Amino acid sequence: MKLNPILLEVFKNRFISISEEMGVTLNRTAFSPNIKERRDFSCAIFDENGDMIAQAAHIPVHLGSMPMSVKSAIENVDLKDGDMVILNDPYKGGTHLPDVTIVAPVFLGEDKPQFFVANRAHHADIGGMTAGSMPLSTSIFQEGLIIPPLKIVEKGEVVEPLMKFLLNNVRTPYEREGDFTAQIMANMTGIKRIEELVNSYGHQMVKEYAKGMMDYSEKILKNRIKAIPDGVYEFEDFMDDDGIEKEKIKIAVKLIVDNDKVEVDFTESDDQVKGSINAVYSITLSAVLYVFRSLVRDDIPTNAGLLRPIKLKTRKGSIVDAKFPASVAGGNVETSQRIVDVLLGALSKALPNEIPAASQGTMNNITIGGIDEKSGQPFTYYETIGGGMGASSFANGESAVHSHMTNTLNTPIEALEFTYPMMVEEYSIRKNSGGNGKFRGGDGIVRQIRLLNDAEVTMLTERRIFSPYGLNGGEPGKCGENIVISNGDKRKMPGKFNINLKKGDIIRIETPGGGGFGKSK
């Protein structure tokens, strides 16, 4: 079947709009501020094999790895019409345990699924050893409930025994049930819209154009890779530490560009570590997909076709391809950022005027949890905080933004203070934290929170020791700092810590700036 380029554009936008509408449903029906305010979720559509057709402009670290969750659901569960599968196991297609994926088949009256819709949302608590489920752990068993692919909806009805089990093992069951239900409703929206699309154009045409979208994305990326000079490009950078032992951890990449294909080799990266910054394979794949999609300036759909010209090589048991039961809570949020940094660093040697300096290189994860004195109910707050973006060859970096593998919003101060026993005392741009250069790196953020309640605080942050690099003579961005103020005593904290604080204590986070580009005059 010969595809009409105008219809291809129509289908591209129809599929993307379905993913976006799924996100709107999830956003508006969720209970937790992390989902309804920060929008820490992602939605996408997949073909009958679990290959991604299109996604909404949500969270890169979710979307590149979600096909592995969909394929895990297909392989492990006998799906019928009206069923949905829930999972979060990082070793079965997930990323880290708070990211819970719900997958739904779309049968269209056939005997087997013709499409799948799925969404992934970060839950502010999924059990485990610390409130918020982002601990300084040494095993995945300490991080929360590990959910293999299981039916959460069967024949259109929620599987109540499983839902009760999940809710009985988290600190905030009311909020979790609301968020799980919102995810289910988002998938129902996706199913309905795909059925409408097929009713309008016919089953065969929709499938042909879905395949054509993947082929088109593959073609465009191959053309982009062709424009990169053939050769071998290497780069390495370091994680500050793993939160348990105070040793740097190397992430190294070798890019081998050959005509319209590229091999991405991470095998020289360090071994997996005791702490929770290990990344599973799906996270590394997400980072690779994100970087190469970013090279394409055309308005193309992000889908499985983009991975066809790329060969990813990892070493099982390494920091970028951890083996069970390694702890992985921080790998999804912190190590994914450094993987992007080394990929861009390698590409800067091939495309020196097209690749920006390093952005902040961390998500600055903070979780705060305890028992609310007024209500007597448990609470868990989770947030990632933006920072400086790296400068480019033609512009200063943006200040105070989320960059690369995260695409969330901030929690508005009003929502935070309404929901949790906390008061935000400062929320500002961290002046002069971006690296100097012909073009300056963007500045980071200062966020200072006073606790109005005794609480447990956990932080997983990076770029507190190794600065975001500058390029072409630009200076590095300023490292971040974590500070606790208690009874007037100001303590500088490490990048990763867990602490019990008292009512009135203060947590101050100063996030890194981006690297500068080019020598300043």
Side-chain angles (χ1 to χ4, degrees), residues 31-38 40 98 122 124-125 130-136 171-172 175 243 333 360 362-388 399-402 408-431 433 443-464 478-513:
F31 281 29
S32 68
N34 192 55
I35 296 175
K36 69 182 180 182
E37 299 287 356
R38 293 188 60 246
D40 195 346
H122 184 115
D125 188 86
T130 62
S133 312
M134 294 287 287
L136 273 65
R171 293 171 177 84
T172 48
E175 190 177 85
V333 285
Q360 67 159 339
T362 175
M363 296 192 198
N364 303 294
N365 304 266
I366 180 168
T367 55
I368 303 175
I371 305 295
D372 191 314
E373 292 177 359
K374 292 182 179 179
S375 68
Q377 296 298 311
F379 71 91
T380 56
Y381 155 76
Y382 170 74
E383 180 155 27
T384 62
I385 304 174
S399 296
V401 293
H402 287 278
T408 56
L409 303 179
N410 68 313
T411 304
I413 292 171
E414 297 84 355
L416 190 157
E417 293 184 342
F418 177 80
T419 309
Y420 306 110
M422 306 174 204
M423 181 170 66
V424 178
E425 295 190 333
E426 182 178 351
Y427 191 35
S428 62
I429 291 177
R430 188 185 180 204
K431 298 294 185 183
S433 55
D443 290 330
I445 287 175
V446 175
R447 194 150 168 101
Q448 182 166 305
I449 301 171
R450 181 183 292 272
L451 301 180
L452 305 180
N453 208 113
D454 293 354
E456 179 185 25
V457 178
T458 305
M459 289 200 70
L460 290 176
T461 65
E462 272 286 322
R463 293 297 196 198
R464 269 53 181 174
K478 193 173 182 180
C479 284
E481 289 191 0
N482 304 327
I483 297 162
V484 167
I485 304 170
S486 181
N487 295 321
D489 178 34
K490 188 175 181 180
R491 284 185 288 164
K492 184 176 178 180
M493 304 298 290
K496 302 167 185 68
F497 67 91
N498 172 262
I499 191 171
N500 289 307
L501 295 178
K502 297 293 186 182
K503 181 178 181 178
D505 289 347
I506 294 168
I507 309 114
R508 181 180 177 88
I509 304 109
E510 300 182 2
T511 70

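Being a predicted model, the structure only gives us computed values, none of them experimental.
Remark: the backbone N or O of Ser433 is paired with a side-chain donor or acceptor of Asp443 at under 3.5 angstrom. Within the 3.5 Å criterion, the main-chain N or O of Gly369 finds no donor-acceptor partner in the side chain of Thr380. In terms of modelled atom types and a separation under 3.5 Å, the side chain of Asn34 and the main chain of His122 share a donor-acceptor contact.
Scored by the side-chain contact (heavy atoms from CB on, under 4.5 Å) test, Thr419 finds Pro33 as partners (sequence neighbours excluded). Listed by chain and residue number, Arg176 satisfy the side chain to side chain donor-acceptor pair (under 3.5 Å) test with Thr172 (two or more places apart in sequence, or in another chain). Scored by the side-chain contact (heavy atoms from CB on, under 4.5 Å) test, Thr367 finds Met134, Tyr382, Thr458 as partners (sequence neighbours excluded). Residues forming a ring pair (Phe, Tyr, Trp, His ring centres under 6.0 Å) with Phe379 (at least two apart in sequence, or on another chain): none. Annotation: salt bridge (Lys or Arg N to Asp or Glu O under 4.0 Å) contacts of Glu510 (sequence neighbours excluded): Arg430, Arg508. Shown here are the salt bridge (Lys or Arg N to Asp or Glu O under 4.0 Å) partners of Glu425, two or more places apart in sequence or in another chain: Arg450. Judged as a side chain to side chain donor-acceptor pair (under 3.5 Å), and not counting sequence neighbours, the contacts of Ser32 are Asp179. With sequence neighbours excluded, no residue satisfies salt bridge (Lys or Arg N to Asp or Glu O under 4.0 Å) with Glu456. With sequence neighbours left out, the side-chain contact (heavy atoms from CB on, under 4.5 Å) criterion links Glu373 to Asn453, Lys503. Scanning for side chain to side chain donor-acceptor pair (under 3.5 Å) contacts around Glu383 gives Tyr381, Thr411, Arg447, with sequence neighbours left out. Shown here are the side-chain contact (heavy atoms from CB on, under 4.5 Å) partners of Asn482, two or more places apart in sequence or in another chain: Met459, Thr461, Arg464, Met493, Phe497, Ile509.
Side-chain atoms of Arg463 and Thr362 include no donor-acceptor pair closer than 3.5 Å.
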request  = Decide side-chain contact (heavy atoms from CB on, under 4.5 Å) for Tyr427 and Ile413; before the verdict, give the C-alpha distance in whole Å, the side-chain angles of both, and the deciding distance to 0.1 Å.
outcome  = CA-CA 9 Å; Tyr427 191 35; Ile413 292 171; 3.9 Å; yes

task = Just do the side-chain contact (heavy atoms from CB on, under 4.5 Å) check on Asn364 and Thr384 with the steps written out, would you?
result = CA-CA 5 Å; Asn364 303 294; Thr384 62; 5.9 Å; no

request  = List the steps, then state whether side-chain contact (heavy atoms from CB on, under 4.5 Å) holds for Val401 with Ile445.
outcome  = CA-CA 8 Å; Val401 293; Ile445 287 175; over 6 Å; no

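Closest non-hydrogen pair, Val424 versus Glu417, comes out as N-OE2, 2.8 Å. Taking all atoms of both residues into account, the shortest heavy-atom contact from Pro98 to Ser133 is CG-O, 3.5 Å. Smallest separation of non-hydrogen atoms from Ala455 and Ile368: CB-CG2, 3.6 Å. Smallest separation of non-hydrogen atoms from Gly376 and Ile371: O-CG2, 3.6 Å. Thr130 and Pro135 make their closest contact through OG1-CB, 3.3 Å (heavy atoms, listed as atom of the first residue, atom of the second, distance).
In this structure, the side chains of Met363 and Thr408 stay at 4.5 Å or more apart for every pair of heavy atoms. Contact annotation: the side chain of Pro412 approaches that of Glu37 to within less than 4.5 Å [non-hydrogen atoms, C-beta and beyond].
Taking CE from Met423 and CD from Gln448, the interatomic distance works out to 9.5 Å, rounded to the nearest 0.5 Å. Here the CD1 atom belonging to Ile449 is positioned 5.5 Å from the CG atom belonging to Leu416, to the nearest 0.5 angstrom. For the atom pair CD1 (Ile506) and CD (Glu426), the distance works out to 10.5 Å, reported to the nearest 0.5 Å. How far CD1 of Ile35 is from CD of Glu175: 8.0 Å, rounded to the nearest 0.5 Å. The distance from atom CE of Met422 to atom CG of Leu451, rounded to the nearest 0.5 Å, is 6.5 Å. Atom CG of Asn487 sits about 6.5 Å away from atom CG of Asp505, to the nearest 0.5 Å.
For residues 488-498, every residue pair satisfying the salt bridge (charged side-chain N to carboxylate O under 4.0 Å, His left out) rule, not counting sequence neighbours, is listed here: Asp241-Lys496, Glu462-Lys496, Glu481-Lys492.
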